[in-house]
A.B. asks: 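Questions regarding the structure given below will be posed in turn.
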Amino acid sequence: MSARVAIVCLLALMAAGCDRQSAAPGQANTADTNTASPDEATAPAATTAQVGVDRSHAGEAAPNTPFKGPDGKPTTLAAFKGKPVLVNLWATWCGPCIAELPTLEALAKSGTVRVAAISQDTQGADKVPAFLKAHGAPTLTPYVDDQMALSLGWNANLPTTVLFDSAGKEVWRWKGGNDWAGADAAKLIAEAK
């Protein structure tokens, strides 16, 4: 008989737990879930990467950060001082970077400004010259920053392009891809003296 009583009690408890007509009671003393309490740590609001010109670093000197020249020897942006230079940080795995390579090639060929396209690839630096040729930029000089020191120092996403004037001072940064052979880019590049 005790087994029958246990089964009946178990069935009664199951029936009581399956009450689908009642709304779930709310938790007492709950705060608005969108508002942080005074003692709660909060993360900064998520920001989206902005594409376009950034002049917040205008006038800053070019960094002395070394990268490799086409001969594999270290060089710096100081080697370009005396004439404006457009520094483009790119990588073989970056779609927007690859898309703008032919426009950087056209700009370099125009002679308007020197172009230093510096690969941020950490492996396979020896593959960069062939990659440039295969992607519409056969005459760009293959510079490589295999330590990504420039992009890390500038806290830059790829592609990032920085224009320096003839004195080695930053004019502006462009975040994201661009048509460097277009009229809008020409206006921006004309700002360098």
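Keep in mind that this is a model prediction, so the values were computed, not measured.
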A.B. asks: Between the side chain of Thr103 and the main-chain N/O of Asp179, is any donor-acceptor distance below 3.5 Å?
C.D. replies: no
A.B. asks: Within the distance-only criterion (no hydrogens, no angle test), does the side chain of Ser166 pair as donor or acceptor with the backbone N or O of Lys193 below 3.5 angstrom?
C.D. replies: yes
A.B. asks: How many angstroms lie between atom OH of Tyr143 and atom CG of Leu77, to the nearest 0.5 angstrom?
C.D. replies: 9.5 Å
A.B. asks: So which heavy atom on Val144 is nearest to which on Ile118, and how close?
C.D. replies: C-CG2, 4.2 Å
A.B. asks: Is the number of heavy atoms from other residues, nucleotides or ligands within 6.0 Å of CG (Asp71) greater than 12?
C.D. replies: yes
A.B. asks: side-chain contact (heavy atoms from CB on, under 4.5 Å), that's the test. Do Leu140 and Asn88 meet it? Break it down for me.
C.D. replies: CA-CA 11 Å; Leu140 284 181; Asn88 177 265; over 6 Å; no
A.B. asks: Of the non-hydrogen atoms in Ala192 and Leu163, which two are nearest, and what is the gap between them?
C.D. replies: CB-CD2, 3.6 Å
A.B. asks: Answer yes if Val87 and Met148 sit in the same cluster of Ile, Leu, Val, Met, Phe, Trp and Tyr residues linked by side chain heavy atoms under 4.5 Å apart, and no otherwise.
C.D. replies: no
A.B. asks: Output the distance between atom OG1 (Thr65) and atom CH2 (Trp154), rounded to the nearest 0.5 Å.
C.D. replies: 7.5 Å
A.B. asks: Kindly assign one of parallel, tilted or perpendicular to the pair Phe131 and Trp90, based on the angle between their ring planes and the thresholds 30° and 60°.
C.D. replies: parallel
A.B. asks: Is a donor on one side and an acceptor on the other found under 3.5 Å between the side chain of Glu60 and the backbone of Glu170?
C.D. replies: no
A.B. asks: Look up atom CG in Leu104 and atom CG in Leu86, then write down how far apart they are to the nearest 0.5 Å.
C.D. replies: 6.5 Å
A.B. asks: Would Phe67 and Thr75 count as a side-chain contact (heavy atoms from CB on, under 4.5 Å) if you check the C-alpha gap in whole Å, the side-chain angles of each, and the deciding distance to 0.1 Å?
C.D. replies: CA-CA 6 Å; Phe67 53 93; Thr75 189; 3.4 Å; yes
A.B. asks: Compare every heavy atom of Asp145 with every heavy atom of Leu150, then report the nearest pair and how far apart it is.
C.D. replies: N-OD2, 2.7 Å
A.B. asks: Honestly curious: do Ile189 and Val171 fall in one hydrophobic cluster under the side-chain, below-4.5 Å linking rule?
C.D. replies: yes
A.B. asks: For Asn157 and Lys175: C-alpha separation, side-chain torsions, deciding distance, then whether side-chain contact (heavy atoms from CB on, under 4.5 Å) applies.
C.D. replies: CA-CA 7 Å; Asn157 291 325; Lys175 298 176 181 181; over 6 Å; no
A.B. asks: So which of Lys68, Gln120, Gln123 actually passes side-chain contact (heavy atoms from CB on, under 4.5 Å) with Asp146?
C.D. replies: Lys68
A.B. asks: With rounding to the nearest 0.5 angstrom, report the OG1 to CZ distance, Thr160 to Arg173.
C.D. replies: 8.0 Å
A.B. asks: Quick one: closest heavy-atom pair of Leu89 and Leu158, and the distance?
C.D. replies: O-CD2, 3.6 Å
A.B. asks: What heavy-atom pair brings Pro142 and Val128 nearest, and what distance separates the two atoms?
C.D. replies: CB-CG1, 4.1 Å
A.B. asks: Is Trp180 reachable from Val51 through a run of hydrophobic residues whose side-chain heavy atoms are each under 4.5 Å from the next?
C.D. replies: yes
A.B. asks: Measure the spacing between OG1 of Thr92 and NZ of Lys127 and express it to the nearest 0.5 Å.
C.D. replies: 9.0 Å
A.B. asks: Is atom NZ of Lys133 surrounded by more than 12 heavy atoms (other residues, nucleotides or ligands) closer than 6.0 Å?
C.D. replies: no
A.B. asks: Atom CD of Glu100 and atom NE2 of His135: how far apart are they, to the nearest 0.5 Å?
C.D. replies: 13.5 Å
A.B. asks: If every non-hydrogen atom of Pro159 is compared with every non-hydrogen atom of Gly177, which pair is closest and at what distance?
C.D. replies: CG-N, 3.5 Å
